[in-house]
Amino acid sequence: MENPTRKWGTFAICTLLAIVPNIDLTALNQAIPRLSADLDPSATQILWIADAYGFALAGLLVTMGGVGDRIGHKRLLLIGTAVFAAASVVTAYAPSAELLIAARALLGVAGATLMPSCLSLIRRVFTEPKQRTMAVGVFTGAAGLAVGLGPVVSGALLDHFWWGSVFLINVPLMAVALVAGALVLPGALVLPGAHGRAASGRMDLPSVPLSVAGVLGLVYAVKEAAAHGVDEPRVPVAAALGAAALAAFMVRQTRVAEPLIDVRLFRVPAFSGSVVTNMFAMFTLVAQSLIFSLLFQLALGWSPLRAGLAGLPGALGAMIGGAALAPPLISLLGRARSVAIGMAVSACAFASFLTIGLDTSYLAMVPMILVSGLGMGLALTVTSDTVLASVPRERSGAASAISETATELGGALGMAVLGSVLNAVYRDSLELPAGVPAPAASAARDSLTGAVQAAAALPGRLGEQVAGAARAAFVDGMHAALLCSAGLAALVAVFALATLRDVPKVIEDAEAPAEAPVHEWKK
């Protein structure tokens, strides 16, 4: 398709559909105090309100990628957009915690249709490699910018409206995307069946619960380990069940006539190398965003709105790295070196965060945050573009879903592992003053959040000492976690150089023969 209006219209619609769900991810955190006062959920229900969206999203990405390849990504995207809008209304007006959890899960189901479909449509309309890379860079950067905008948008809404307004704002945006998508998005391009004929559209239904159970088992195990430690009995059980389900899923994909995903994708070095790089890059990145949120709000005492605005330079850097730097660097240096440079720049930026303390001015932090985002934006744009370009267009939905699932797992692992490093160093470094009551001391040793809350209930001078000690210990823990991020980012740079070294600068846009081996796809 060469129609410029349709091409850029498709890009605009897909970018809008990346922004809205990502704003939702962080907007919820601001709304929880208000909805807790209104709905009176239990502590467990609050956790499920926060996690239901992410669990449904991660568990269904692979399934929805396969569905889109079969029925067409335009159709799936429009269905998902309509469901997301309807679920947003239910979420906004949920009269109970139970219904709110169910609505959040439904939002996750709809969200799982959006990212693979958007990337597949971008892959389809942008056939010129440099334009496609630029489009992927802006798309990725916009999604990252939306995460930072979540607290800003929700803070502004909550100043004037009730908690449901942070979800209700999705409806007009999704309505615009739905109408525009029906008029602008390209029609069906579906997975071919045997001997080049159209696929039957049938799905291997037993593969669906296997993929969901596998991904959710691992994600749940990681989250439980982060919250309660690896000694929590549910952690090994969930991890074992998830690993077994994923193993059964992969074996089944090699034996059925119409698998949910084509496991031959993993034999393509450009694809498998990019997916693994994405996963571990996200490992280093996600924990950093959480750490800085805690630093700004709890250690420095900033409002959520101010903290949200403070993180925006990182998203801006990611957009610059992806849209402006990735295309020319691929042409000049190749994909492996471009990814390695991006990860090396991020590693240096993470290392520079070790100079940040409680008295560091925000202006001194801005260049570090901007550069870390720039490096990550460069690396993730090149790997995401490589995932899309290294497989035929009719398999791009499944390929995008696999990459997104790996990214979700990497983020969860990063949060768990680096969060554990931070907490361990925090507890080891915390030196409480004499005279702190045992309950307050226990709360302070648990986390910075607990320390700030405990300090508020203590007499003035003692409370200030407890809060000061906790903030200093948090900075020590933050430095340890960021040092681990820097080291891992450097290792990912080396990994990318090794695994992507033979990937060409320009990957030919070829169609796959229906039953041809993977190594013939790009001949």
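Within a 6.0 Å sphere centred on CZ of R337, heavy atoms belonging to other residues, nucleotides or ligands number 12 at most. The number of heavy atoms from other shown groups lying within 6.0 Å of CZ (F296) is above 12. Residue L216 places its CG atom among more than 12 non-hydrogen atoms of other residues, nucleotides or ligands, all under 6.0 Å distant.
Closest approach of T10 and V184 over heavy atoms only: N-CG1, 3.8 Å. The two atoms that bring T81 and M174 nearest to each other are CG2-O, 3.3 Å, heavy atoms only. Closest approach of F84 to A110, counting heavy atoms only: N-CB, 3.6 Å. For L380 against A281, the heavy-atom pair with the smallest separation is CD2-CB, 3.8 Å. When every heavy atom of A472 is checked against every heavy atom of L358, the shortest pair comes out as N-CD1, 4.1 Å. Smallest separation of non-hydrogen atoms from Y362 and L309: OH-O, 4.2 Å.
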Let me check something: any side-chain donor-acceptor pairs from residues 450-459 under 3.5 Å, sequence neighbours excluded? List them with distances.
none

Please list, one pair per line, the donor and acceptor atoms closer than 3.5 Å that link side chains of residues 431-443 to other protein atoms, with sequence neighbours excluded.
none

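To the nearest 0.5 Å, the span separating CD1 on I356 from CG on L482 amounts to 7.5 Å. In this structure, R471 CZ and L295 CG are separated by 10.5 Å, a value rounded to the nearest 0.5 Å. Between the CG atom of L185 and the CD1 atom of I13 there is a distance of 4.5 Å, given to the nearest 0.5 Å. The distance from atom CD1 of I19 to atom CG of L17, rounded to the nearest 0.5 Å, is 9.5 Å. The distance from the CG atom of L35 to the CG atom of D40 is 11.0 Å, given to the nearest 0.5 Å. Here the straight-line distance linking atom CG of L178 with atom CG of L173 works out to 12.5 Å at 0.5 Å rounding.
No donor-acceptor pair closer than 3.5 Å links the side chain of S120 to the backbone N or O of S117. Formation of a donor-acceptor pair under 3.5 Å by the S346 side chain with backbone atoms of M376 is found in this model. Proximity of a side-chain donor or acceptor of S338 to a complementary backbone N or O of L329 within less than 3.5 Å is detected.
Listed by chain and residue number, D446 satisfy the salt bridge (charged side-chain N to carboxylate O under 4.0 Å, His left out) test with R427 (two or more places apart in sequence, or in another chain).
Sorted by first and then second residue, the pairs that involve residues 342-361 and meet ring-ring contact (aromatic ring centres under 6.0 Å, His included), not counting sequence neighbours, are F292-F353. Sorted by first then second residue, the ring-ring contact (aromatic ring centres under 6.0 Å, His included) pairs that include residues 158-181, not counting sequence neighbours, are Y93-W162. Residue pairs that meet the side-chain hydrogen bond (donor to acceptor under 3.5 Å, both in side chains) test with at least one member in residues 367-387, sequence neighbours left out, are R132-D385, T133-D385, N278-T383, R335-D385, R335-T386.
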* To do: Could you go through the side chain to side chain contact (heavy atoms under 4.5 Å, CB included) check for L325 and L374 one step at a time?
  => CA-CA 9 Å; L325 296 184; L374 187 146; 3.5 Å; yes

* Output, in order, the C-alpha distance, side-chain angles, deciding distance and verdict of side chain to side chain contact (heavy atoms under 4.5 Å, CB included) for T277 and V339. => CA-CA 9 Å; T277 300; V339 175; 3.9 Å; yes

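In this structure, the side chains of R104 and I101 stay at 4.5 Å or more apart for every pair of heavy atoms. Annotation: side chain of V125 is not in contact with side chain of F11 (no heavy-atom distance under 4.5 Å). In this structure, M64 and V109 have side chains that are in contact, with non-hydrogen atoms separated by less than 4.5 Å. Residues V166 and V153 fail the side-chain proximity criterion, which asks for heavy atoms closer than 4.5 Å. Proximity of P41 to W48: side-chain heavy atoms (C-beta onward) are nowhere separated by under 4.5 Å. Counting heavy atoms from C-beta outward, T360 and T355 have side chains that stay 4.5 Å or more apart.
Only one option out of L78, L121, T113 pairs with H73 in a side chain to side chain contact (heavy atoms under 4.5 Å, CB included); it is L121.
Using bins of under 30°, 30° to 60° and over 60° for the plane-to-plane angle, the ring pair W8/F126 lands in the perpendicular bin.
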